[in-house]
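Accompanying notes for the structure given below.
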Amino acid sequence: MTEDTLLERITDYANRPDPYPLYAELREAGPVVRQADGSYLVGTYHEIAALLHDPRISADPRSRPASAGDLYEEGAQPPFLRLDDPEHHRLRTLAMRPFGPPHSPGRVDAMRGQIADITRELLQGFRDREQIDIVDDFAYPLPVTVICRLLGVPREDEPLFREWSDVLVAGADVKPGEDTTERNQATQQARAEMGRYLLDLAERRRTHPSDDLLSAFVNEPDPALRLTREELAQTAVLLLIAGHETTVNLITNGVLTLLRQPDQLDRLRREPGLLPSAVEELLRYEPPVHMRERIPLADIGLAGTTLPTGSTVVLALASGNRDPKRFHDPDRFEPARPDNQHLGFGSGIHLCYGGPLARIEAQTALGALIPLLGTAALVQDPPPLPAERHAPRPPPPPPRRDQ
Amino acid sequence: MTDDLRKGRIVIVGASLAGLRAAETLREEGFTGSLTVVGDEAYPPYDRPPLSKQVLLGQTAPDATGLPIRRDPDAEWRLGVRATGLDPMGKRVLLSDGDPLPFDRLLIATGTRARPWPNPEEAALEGVFTLRTCDDAGGLAARLAAGPRRVLVIGGGFTGSEIASACRERGLEVTVAERGPGPLVGALGGTLSKLAAAMHRGHGVDLRCGVTVTALHGDGGGRFIGADLSDGSRVEADVCVVALGAVRNVEWLADAGLAAGPRGVACDAGCRAFNMYGIVTDDVFVAGDVSRFPHPLFEYQMLSLEHWGNAVAQAEVAAHNMVSPGPLRRPHLAVPMFWSSQFGLNIKSVGVPSFSDQVVIAQGSLEARRLAMVYGYRGRVTAAVTVNMAKSLEYYQHLIETAAPFPPAPGAADRPMAAEIPVPSDVPDPKGLSHGPTVALTGYLPDRRLTVVQH
């Protein structure tokens, strides 16, 4: 049990329900902790923020010296999430044109009504139920329906893209020391199939355009602002998956946190005005994304350690969110916390593209659910993990309503 | 002692951004005494950055930029009332209207006003504007909406450039007259000034550099019709905007015995005003555009900043120190930062670009209109300016705060060839510019005799 196996222990399924004691151990061990496999683990807020803002740090897996079984085949370009500037900026800007400012400033905000309607419909199914599965019945269908409408994907195709999505999300899981060759092949195949599926949908929008992102992408009149087929496939896959997966976790973590802390649940019921800051606190306290991988493009000195060019640097965002050098009383869930510049959406050039949408979804979902939770309690705490849930599908787990 | 500081009478002179934020912070910090805010404008605190942008474009009404109140400062607001003097012995602020206002502690946050056109008769011509207040902006916006044939902007600083940009966006013909070699040169130096000039011209601005305006002309009815330039040419226009920088509102302090002058009111890093002998006062504090304060990152030189963010940060520090005993007082160490939007560019700056001898383009390129320019002074990073690359700013702020070596270490994914080649920063002597510099490194003037200069 030494500090050079921390990453292995943090990512161990047995520790996933509560990795926070390990994060504390990590911060205790120092801002930069070298792991037995040669990677570097960073768990303190200011050092993580410094690296997220450092232009010498790469998000592109191809920046690593070539090794077998890499996620991206030679010649294949990753989506902008895993690209560096200037290419990252070009693609992200093109993807942003129909989605947010400066070209589409009102887009996300205009979805509030739709999101509230979808939420209401889902909650109607909860009446007279003894037990509900927060993930399957609520936290999953809401963002999926939203991203389908936004992107222009038929909602009834959900079982189809869920399979691909599960493979891709599993492929992005950090598991040190594991032979990833097989997993990477499955990931590549799923990405290719999902890309072809979305390209087909987009093609149909050429002749039948509607008010969705795929239509906007394929019907862009200016050739300089048009995505190539490959770019469109990569971007659409990224938006569809990133557009719901993390939001499912955000909403679920929210329900979990509130059921574990009934006093805070009560407080939010009494003071619904706290919801926006409660969602920020959730992004700090139980963020959907715990880690990001980066690769230094030069030897980078950080807190007395040199991160060598080409090495793997794992930024433990969720640990930075609990750093007492940045946040007062960090292990306390405080919905009204001031000065809450958390790392829940990352920071720097890769700051979450869909963050504004996720905020509205989480605020709407939790705001509508909280008054209904009554004396609800968890069936099982900790609830089963996604890996256990999805392998053979359920056993249906979470909350139970006592009445 | 702490308890005593939380009681008593505090007067804030200045009811704009710094005054408001200080008032809120005083209450946040537990001040329970009486609080009075004096402001010479008749309006509650409002935001000025939109006045040269959204308001001129007609997107926002001039009276719709009110500042959000973060918490009720529970203050008595004396709006439309001017402070005319300060009696430091009697601890009273003299007012244009009513009895003197007694205080136990005073915050000076009177800010600046637009520098007027030097010839009062020409300045009074109908169609000649300055831009500082919401009334100014409302009048100018109405004139722009009426579709003048041409607008003459005197001064190519940030305000002048933003006005020219708004005019072009409205499809109006614009001439910009700048005494220096290019727009923004005083704040950003030679290289970015060339980019700014290209943006002006690329957007159809008739940009005249190296010239001064020698006279404004009116018709028989007192309406502005055009101006003479020092190169012998003449510009015919219906509207003239004088954008020659700002004048600090210190005249009311002439007899107060404070270190107040054209560069502002000098104070220590804890926002306590100096008197004219350089002795720090105990009960008079300064914040915002009207202040000059020493900054350790810039060799303890006295900075005068006209920045939104500085007004907020400094007001919070001043308010904290007004209700805190000595050991708990905080220094105002915020790294200067400002932004501008013009001609489709988002320009952001951190540090003090004019405190530099060399610059290098560390990321991006001029051609792409997207870059990070890093400024160095004697081998240390002292500032950075991003163009359409705002997310890079924090990295360079960190370099400035840690006095990192200049030029910055290589390795950025979007690092251009030019990153290998530092060039002179080419920041001109502020005296040569027609607009005042946004940032002034004023240094200490070696006055041997201390006399109050009346003017």
Side-chain angles (χ1 to χ4, degrees), chain A residues 45-60 62-63 80 82-90 92-93 96 101-103 105-106 224 294-304 306-311 313 336 338-339 341 343 345-353 355, chain B residues 24-25 28-29 53-54 57 59 70-71 169 312-313 316 341-346 348 350 360-374 381 384 386-402 404-405 407-417 419:
Chain A
Y45 181 93
H46 293 289
E47 280 69 26
I48 294 170
L51 288 176
L52 287 171
H53 294 140
D54 197 317
R56 300 169 296 166
I57 200 108
S58 171
D60 191 334
R62 298 170 302 176
S63 304
F80 66 76
R82 307 226 53 184
L83 285 176
D84 300 330
D85 277 352
E87 192 59 4
H88 156 268
H89 175 73
R90 184 180 72 82
R92 179 171 162 132
T93 307
M96 192 58 90
H103 297 98
R294 291 290 189 268
I295 300 136
L297 296 171
D299 289 357
I300 295 179
L302 186 73
T306 299
L307 303 172
T309 310
S311 60
V313 178
D339 183 30
Q341 201 165 359
L343 301 171
F345 285 138
S347 192
I349 63 170
H350 291 283
L351 179 75
C352 182
Y353 165 101
Chain B
E24 292 168 343
T25 307
E28 190 79 40
E29 300 260 351
K53 306 174 184 76
Q54 291 87 343
L57 289 171
Q59 295 166 349
R70 299 200 292 210
R71 63 171 287 147
E169 207 170 326
V312 174
E316 288 173 356
S341 52
Q342 48 181 287
F343 304 110
L345 298 184
N346 169 282
K348 278 193 152 187
V350 64
V360 78
I361 295 176
Q363 289 178 260
S365 71
L366 290 164
E367 294 74 27
R369 305 281 186 261
R370 180 174 148 79
L371 61 106
M373 170 90 82
V374 179
V381 175
T386 60
V387 176
N388 288 349
M389 204 187 257
K391 284 179 188 160
S392 302
L393 217 61
E394 285 178 83
Y395 174 66
Y396 295 107
Q397 178 179 342
H398 185 65
L399 296 188
I400 296 164
E401 287 170 345
T402 52
D414 54 351
R415 182 173 190 258
M417 281 283 287

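Per chain, numbering begins at 1; letters A, B, ... match sequence-line order.
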(request) May I ask you to list the residues in residues 386-393 of chain B that approach chain A closer than 4.5 angstrom, counting heavy atoms only, ordered by number? (result) Lys391(B)
(request) Identify which of Asp84(A), Asp54(A), Ile349(A) forms the greatest number of heavy-atom pairs closer than 4.5 Å to chain B. (result) Asp54(A)
(message) Test of understanding: with salt bridge (charged side-chain N to carboxylate O under 4.0 Å, His left out), list the residues that count as partners of Glu28(B), not counting sequence neighbours.
(response) Arg71(B)
(message) I need the single residue from Arg370(B), Arg415(B), Gln363(B) that forms a side-chain hydrogen bond (donor to acceptor under 3.5 Å, both in side chains) with Asp85(A). Which is it?
(response) Arg370(B)
(request) Report the residues that fulfil side-chain contact (heavy atoms from CB on, under 4.5 Å) with Thr402(B), sequence neighbours left out, ordered by chain and then residue number. (result) His398(B), Ala404(B)
(request) For His350(A), enumerate each residue passing the side-chain contact (heavy atoms from CB on, under 4.5 Å) test, keeping only those at least two apart in sequence or located in another chain. (result) Ala59(A), His88(A), Arg294(A)
(request) Please state whether the side chain, the backbone, both or neither of Ala409(B) comes within less than 4.5 Å of a heavy atom of chain A. (result) both
(request) Counting only heavy atoms closer than 4.5 Å, note whether Pro410(B) contacts chain A via side chain, backbone, both or neither. (result) backbone
(message) For Gln341(A), is the CD atom crowded, meaning more than 12 foreign heavy atoms sit under 6.0 Å from it?
(response) no
(request) Mind checking the CD1-OH spacing from Ile57(A) to Tyr395(B)? Nearest 0.5 Å is all I need. (result) 10.0 Å
